[in-house]
Amino acid sequence: MTPAGSLDTEALIVGGGPAGASAAITLAAAGLAVTVVDAGRRSTGDAVVLSPPALGELDTLGVTGLLSLIPIRHGRFLIRDRATVAATPDAAAGVTERAALLDALLDVAAGHGAHLVNGTVTAIRTGNHGAVGTLTCPGDTVTITARTAVVATGRAPSELGLPHHDDRPGGAAITRRFHHPRRDDHFDVHLPITDLAGSTLLPAYGWVHPDPAGGIRIGLGIVDDRATGLIEDVFDGFVARVTGGSDAMPRGTRITGDLRHGFAPHRCGEGAVLLAGDTAGLVNPFTGEGISYALESGRLAAEAITAANREQEPAGAAEHYTRILAGRYVGQFEASRHAIRRYHLAWRTLDATAGDDTPFVVKARQAMLLPSGLRRRSPVQRHPRIDPIKPMLLACDEILLATVRDTWPFLARLVTSGEGVLGTEVRPARLMLHAARVGGRPVDCPTVAAAIELGVLAAVTGLSVRSTSPPAPDGIHWGNNVAILAADFLLARGAALVARSTTDLSWAFADWLEDLAAVRGETARGYADPHAFYERLFEFPCRIGGALGGSGVRHGRALREFGARFGRVIGHAEDGAALDGRPTRLESSVDTLIGTGVSAIERWWSAIRPGAAWPGVAQLDPGARRDLLAHGRARYREARQLALDALAPLPPCGARESLAGLVTVAAPASYASPGPSVRRE
Ligand SMILES: Cc1cc2nc3c(=O)[nH]c(=O)nc-3n(C[C@H](O)[C@H](O)[C@H](O)COP(=O)(O)OP(=O)(O)OC[C@H]3O[C@@H](n4cnc5c(N)ncnc54)[C@H](O)[C@@H]3O)c2cc1C
């Protein structure tokens with residue numbers, strides 16, 4: 001539909017791609033009058049990969065059911081052809097036609113009452129009463145006024161006259177469809193890519209996946225604008241490499257486009273204009289993934305606008321939005337931008353540690369390559385359960401972010417809520433804050449909570465420093481070097497936080513770190529009880545929480561005892577999960593857990609087969625594995641009961657219930673029950 005004269009609307013969306021459509025659906029569903037202007041310059045004939053988070057967003061928008069998807073069941077990152085990160089353990093990702101996705105999104109937006117206009121917005125600015133845009137349609141120029149506008153053109157904001165920052169695209173991507181006999185449900189990302197001579201690492205990645213029209217789709221992204229001139233040649237080389245140069249017959253044309261990854265949250269909202277999707281620079285430079293960020297940022301912009309309107313403060317939307325973006329994408333895009341700048345360090349470390357699954361290396365790799373996580377996000381919960389420590393946890397996260405983001409941005413990703421280094425529920429900060437509630441004295445201690453999280457992350461990082469780590473071909477132990485640097489940095493920052501906020505605790509904090517280091521040394525040499533590591537990790541947060549909250553001697557002792565026993569519960573849960581082939585919190589395999597000295601599995605073995613040498617996990621026959629698992633489950637249940645018993649001296653209160661609740665989520669319910677193992681051989 002083409003408007004005549006001027007047009008006034010509550011929300012103007014410029015661009016009807018994934019970001020604009022997502023904003024339009026969310027705003028129209030909230031009852032706002034929405035106008036979407038789209039120039040219709042969409043690439044056709046292309047397919048797109050929808051990652052698990054993208055599908056989660058599409059669920060929230062009510063679009064998934066309208067799409068025909070080819071499922072992706074196995075996603076892999078191949079570093080120098082060695083598989084490292086498995087991205088989709090279940091059928092959570094998919095491929096679809098780009099045009100079908102866009103049509104479905106705009107249909108849903110129209111269904112909610114959004115007004116769709118074909119045309120090009122040539123300029124936009126903040127006026128006295130909101131946003132003012134100039135719309136050009138065939139034969140007409142129209143002035144549009146809106147309370148707020150979302151710019152989601154996929155292009156530089158300066159094209160519409162918005163303040164000029166560094167607007168150059170960060171890189172470019174190219175894709176093409178091929179006839180190919182390969183029939184599977186794999187999505188492979190290859191990195192790094194070398195130049196045509198095969199000698200220089202390029203800031204590039206390539207991908208291959210099944211095509212909705214049959215055959216395969218191959219793509220390549222280069223994330224440095226100085227290298228994009230090479231893209232066609234490098235792409236040809238990559239196609240030849242992954243197809244063996246034989247079976248693949250090109251189909252359709254090559255599709256190319258810019259990749260924009262210059263995200264900076266504070267630039268994404270000024271006055272009445274918010275930026276979303278590619279215009280906000282939200283493309284992952286390690287994978288080229290942009291659709292999930294476009295969908296999510298469009299939704300977040302819309303939510304910021306609705307919240308500001310509800311509070312009768314439409315001008316507050318920009319501030320609210322930029323704050324949310326800063327928290328949501330912390331450590332993701334910063335990591336990536338740093339990675340480009342410090343290209344050699346990031347790529348060499350990834351390259352040299354491809355076969356390493358020690359906790360820090362795995363987590364760092366995931367934070368770089370898969371910052372949005374591995375799993376499909378469930379539709380957004382609009383009414384979260386009220387949690388008394390949530391405000392303090394959020395404050396703790398803000399301190400953590402401010403502490404680490406500038407120097408080690410991707411570490412920020414590991415420490416923030418929702419992802420915590422040991423998982424959401426068993427975050428040490430959570431234990432400390434619940435323990436602090438027991439004494440009844442109001443406490444405000446997010447800085448100590450943040451310092452404890454840094455100490456725990458440093459200890460976990462230390463597990464990746466190994467004398468057996470093989471050097472890279474250049475003779476450098478990149479994995480060890482990075483782990484040592486990161487652990488030192490975390491310890492220093494944690495100690496500084498405590499010294500600044502609660503000087504009295506400085507000695508106790510330093511003693512804890514020293515104790516952890518000593519235990520690490522002993523476990524690494526096989527001298528200590530392997531679960532002593534976990535015991536020390538959790539005893540301190542509970543002890544300090546008790547002290548800060550004013551718990552008396554008896555309750556303080558109970559909390560301390562509880563923390564130590566809770567650590568053992570986690571140790572048994574980790575061992576059981578690793579042995580059973582389930583994901584562990586430390587994300588390491590049984591062999592690595594044993595190798596780092598924090599696994600009791602060899603002790604379980606000595607208990608069930610006295611005198612027999614540990615055969616190694618790979619040599620376990622099914623019967624031995626079953627016996628070992630049964631033994632581990634029994635030890636786990638004992639540890640769990642001991643932890644719950646430790647709470648007995650505490651007065652009945654919400655904090656005690658919360659601590660008991662954490663014990664029950666340490667392992668899946670099936671593991672806690674006395675039945676046989678659920679593992680199928
Ligand atoms: C070759 C290539 C392959 C890719 N493959 C994938 C993939 O498989 N999976 C993935 O997650 N990401 C992929 N990406 C990234 C992804 O395509 C983008 O991140 C995503 O499309 C961004 O969505 P957006 O809504 O911000 O912008 P866009 O998708 O670019 O949409 C912008 C819309 O705005 C309209 N528009 C532009 N200017 C104006 C204007 N002035 N006035 C009005 N309307 C305007 C355009 O017509 C368009 O419809 C790929 C990128 C490239 C270049």
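Counting starts at 1 for both ligands and their atoms, following the listed order. We use all heavy atoms of the structure for the numbers below, so side chains are in, but hydrogens, waters and symmetry mates are not.
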inquiry  = I want to check something: taking the side chain as every heavy atom from C-beta on, are L162 and V151 in contact at a cut-off of under 4.5 Å?
reply    =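 Result yes, sub-4.5 Å side-chain heavy-atom pair found.
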
message = What I'd like to find out is whether the side chain of T134 reaches to under 4.5 Å of the side chain of T141, using heavy atoms alone.
response =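 Side chain of T134 against side chain of T141, heavy atoms only: contact under 4.5 Å found.
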
Kindly say whether [Y] contributes a backbone atom to a donor-acceptor pair with the side chain of [X] at under 3.5 angstrom?
X	Y	value
Y205	V189	no
R217	A47	yes
T96	L101	no

Nearest neighbour of [atom] from the list [options], on a heavy-atom basis:
atom	options	value
atom 53 (C) of ligand 1	G40, A47, G257	G257
atom 23 (O) of ligand 1	P18, A276, G17	P18
atom 5 (N) of ligand 1	H209, R217, E289	R217

task = Quick one: list whatever passes ring-ring contact (aromatic ring centres under 6.0 Å, His included) with H129, sequence neighbours left out.
result =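 So H129 forms no ring-ring contact (aromatic ring centres under 6.0 Å, His included) with any residue.
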
query = Does H190 have any ring-ring contact (aromatic ring centres under 6.0 Å, His included) partners at least two apart in sequence or in another chain, and if so, which?
reply =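 Partners of H190 under the ring-ring contact (aromatic ring centres under 6.0 Å, His included) test: F238.
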
Supply the atom-to-atom distance [X] [atom1] to [Y] [atom2], rounded to the nearest 0.5 angstrom.
X	Y	atom1	atom2	value
T148	N309	OG1	CG	5.5 Å
L55	L50	CG	CG	5.0 Å
R254	R176	CZ	CZ	5.5 Å

Can you find an N or O of [X] that's nearer than 3.5 Å to an N or O of ligand 1?
X	value
D278	yes
G277	no
S292	no
G20	no
I255	no
T256	no
V49	yes

Could you list which atoms of ligand 1 come closer than 4.0 Å to a heavy atom of [X]?
X	value
V37	43 (C), 44 (N)
D38	33 (C), 34 (O), 35 (C), 44 (N), 46 (C), 47 (O), 48 (C), 49 (O)
G154	27 (O), 30 (O), 32 (C)
V48	8 (O)
R155	37 (C), 38 (N)
V14	42 (N), 43 (C)
A152	32 (C), 33 (C), 34 (O)
G288	12 (N), 13 (C), 14 (N), 15 (C)

Under 3.5 Å side-chain donor-acceptor pair for Y293 and E57 =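 Judged by distance alone, the side chains do not pair up.
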
query = Would E289 and S292 count as having a side-chain donor-acceptor pair, cut-off 3.5 Å?
reply =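 There is such a pair (donor and acceptor under 3.5 Å, judged by atom type) between the side chains of E289 and S292.
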
Is the shortest distance from a heavy atom of [X] to ligand 1 less than 4.0 Å?
X	result
R254	no
A21	no
E159	no

request  = Measure the acute angle between the ring planes of Y329 and F263, then classify it against the limits of 30° and 60° as parallel, tilted or perpendicular.
outcome  =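 Ring orientation of Y329 relative to F263: perpendicular.
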
message = One residue to check: A39. Relative to ligand 1, which of side chain, backbone, both or neither has a non-hydrogen atom less than 4.0 Å away?
response =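 It is both parts that get close, each with some atom under 4.0 Å.
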
